[in-house]
Amino acid sequence: MSDEVTIPPRIALTGGIGSGKSYVCACLARRGIEVYDCDAAAKRLMRTSESLKEQLSALVGPHVYVGDRLEKAVMARFMMQSEAHTAQVNAIVHPAVARDFLASGLRWMECAILFESGFDKYVDRVVCVTAPLETRISRVMRRDGIPRERVLEWMAKQWPQDEVLRRSHYEVVNDGCRDVDAQVEQLLRRL
């Protein structure tokens, strides 16, 4: 009999905008699996972390916060000015999110920009949620009430789906035809 303790792997869900990561997270939640949402955590930490607020104010300017409220339009304008500005903000926010995930004790994370942010180094396995391009575009247009051109702009800022899939260990196809719940069940058995 072995005294070895098996530590469950850390797993990331990733995929481009409109692929259906949230739907897969809901499938996991129904099975009692809590998933750390990197995007929600970044927003929460930018609102609540005094250290982040100080660093972002020093970078963007004191007008990025009004009281304790992050001025999203000010932040967006700053980040849209250049890739260097976006990289500077990410260099402040991403390490805080990584620390928060590791401290959370959760084994699953959802991160749209997993590879771009370097967050793949914090997990053992990566699941890519995929969907056909037109399906993704129509989902985002419907969900956010925005025109096709805007969706395409957002997609252009993310890695291509094929590249993300190539770097992942598993795929869940969320094309509106295949049974996502059954795929999640099979994935959990494999993990």
Side-chain angles (χ1 to χ4, degrees), residues 10-31 33-46 70 72-73 75-80 83 85-87 89-90 93-94 97-98 100-101 106-120 122-123 125-188 190-191:
R10 287 194 182 104
I11 302 156
L13 278 176
T14 194
I17 186 170
S19 62
K21 295 179 300 299
S22 297
Y23 185 79
V24 174
C25 287
C27 290
L28 292 167
R30 287 194 298 276
R31 290 167 171 80
I33 298 172
E34 186 177 352
V35 179
Y36 182 92
D37 182 332
C38 288
D39 189 44
K43 291 173 184 168
R44 173 180 49 81
L45 290 167
M46 289 191 320
L70 175 68
K72 292 183 224 168
M75 179 63 76
R77 270 194 308 276
F78 178 81
M79 292 175 75
M80 294 299 272
E83 286 185 22
H85 282 185
T86 299
V89 170
N90 289 343
V93 177
H94 287 175
V97 173
D100 193 60
F101 168 67
L106 296 176
R107 307 307 300 175
W108 287 76
M109 80 158 59
E110 175 194 352
C111 185
I113 56 168
L114 183 78
F115 297 109
E116 300 96 318
S117 66
F119 278 26
D120 57 308
Y122 302 113
V123 297
R125 291 283 178 258
V126 177
V127 179
C128 182
V129 182
T130 64
L133 179 63
E134 288 305 319
T135 302
R136 294 172 55 205
I137 292 169
S138 64
R139 283 177 182 161
V140 178
M141 287 173 62
R142 194 170 46 250
R143 180 190 72 197
D144 296 346
I146 58 174
R148 179 183 180 86
E149 297 73 32
R150 185 73 179 125
V151 177
L152 292 172
E153 285 175 24
W154 287 354
M155 287 181 163
K157 293 181 186 293
Q158 294 183 338
W159 280 13
Q161 180 171 267
D162 290 349
E163 178 63 18
V164 175
L165 180 59
R166 189 182 67 72
R167 292 173 179 243
S168 300
H169 301 94
Y170 305 100
E171 178 183 19
V172 172
V173 180
N174 187 4
D175 59 4
C177 300
R178 294 182 223 186
D179 185 338
V180 173
D181 207 54
Q183 291 179 76
V184 169
E185 193 59 45
Q186 182 180 22
L187 173 67
L188 292 174
R190 289 171 71 190
L191 289 169

Measuring from [X]:[atom1] to [Y]:[atom2], what's the distance to the nearest 0.5 Å?
{"X": "Q161", "Y": "L133", "atom1": "CD", "atom2": "CG", "answer": "8.0 Å"}
{"X": "L13", "Y": "L114", "atom1": "CG", "atom2": "CG", "answer": "9.5 Å"}
{"X": "M46", "Y": "M75", "atom1": "CE", "atom2": "CE", "answer": "5.5 Å"}
{"X": "L28", "Y": "E34", "atom1": "CG", "atom2": "CD", "answer": "11.5 Å"}

Does any part of the side chain of [Y], heavy atoms only, come nearer than 4.5 Å to the side chain of [X], both counted from C-beta?
{"X": "W108", "Y": "C25", "answer": "no"}
{"X": "V126", "Y": "Y170", "answer": "no"}
{"X": "I33", "Y": "L188", "answer": "yes"}
{"X": "Y23", "Y": "V184", "answer": "no"}

Report task. Evaluate the ring planes of F78 and H85, with Trp represented by its six-membered ring, and classify them as parallel (under 30°), tilted (30 to 60°) or perpendicular (over 60°). Result -> parallel
Requested in this report: Apply the test salt bridge (charged side-chain N to carboxylate O under 4.0 Å, His left out) to residues E185 and R31: give CA-CA distance (whole Å), side-chain angles for both, the deciding distance (0.1 Å), then the verdict.
Outcome: CA-CA 9 Å; E185 193 59 45; R31 290 167 171 80; 2.8 Å; yes
N/O donor-acceptor pair under 3.5 Å between [X] side chain and [Y] backbone:
{"X": "T14", "Y": "C128", "result": "no"}
{"X": "R139", "Y": "G18", "result": "yes"}
{"X": "Q158", "Y": "I113", "result": "no"}
{"X": "E116", "Y": "W159", "result": "yes"}

With the threshold set at 4.0 Å, does a side-chain nitrogen-carboxylate oxygen contact exist between [X] and [Y]?
{"X": "K157", "Y": "E153", "value": "no"}
{"X": "R44", "Y": "D100", "value": "yes"}
{"X": "D162", "Y": "R166", "value": "no"}

Query - Atom CZ of R30 with >12 non-hydrogen neighbours under 6.0 angstrom - result: yes
Query raised in the report: Of F101, F119, Y122, which is the lone residue that meets ring-ring contact (aromatic ring centres under 6.0 Å, His included) with H94?
Result: F119
Report task. Establish, from distance only, whether the side-chain atoms of E171 and T130 form a donor-acceptor pair under 3.5 Å. Result -> yes
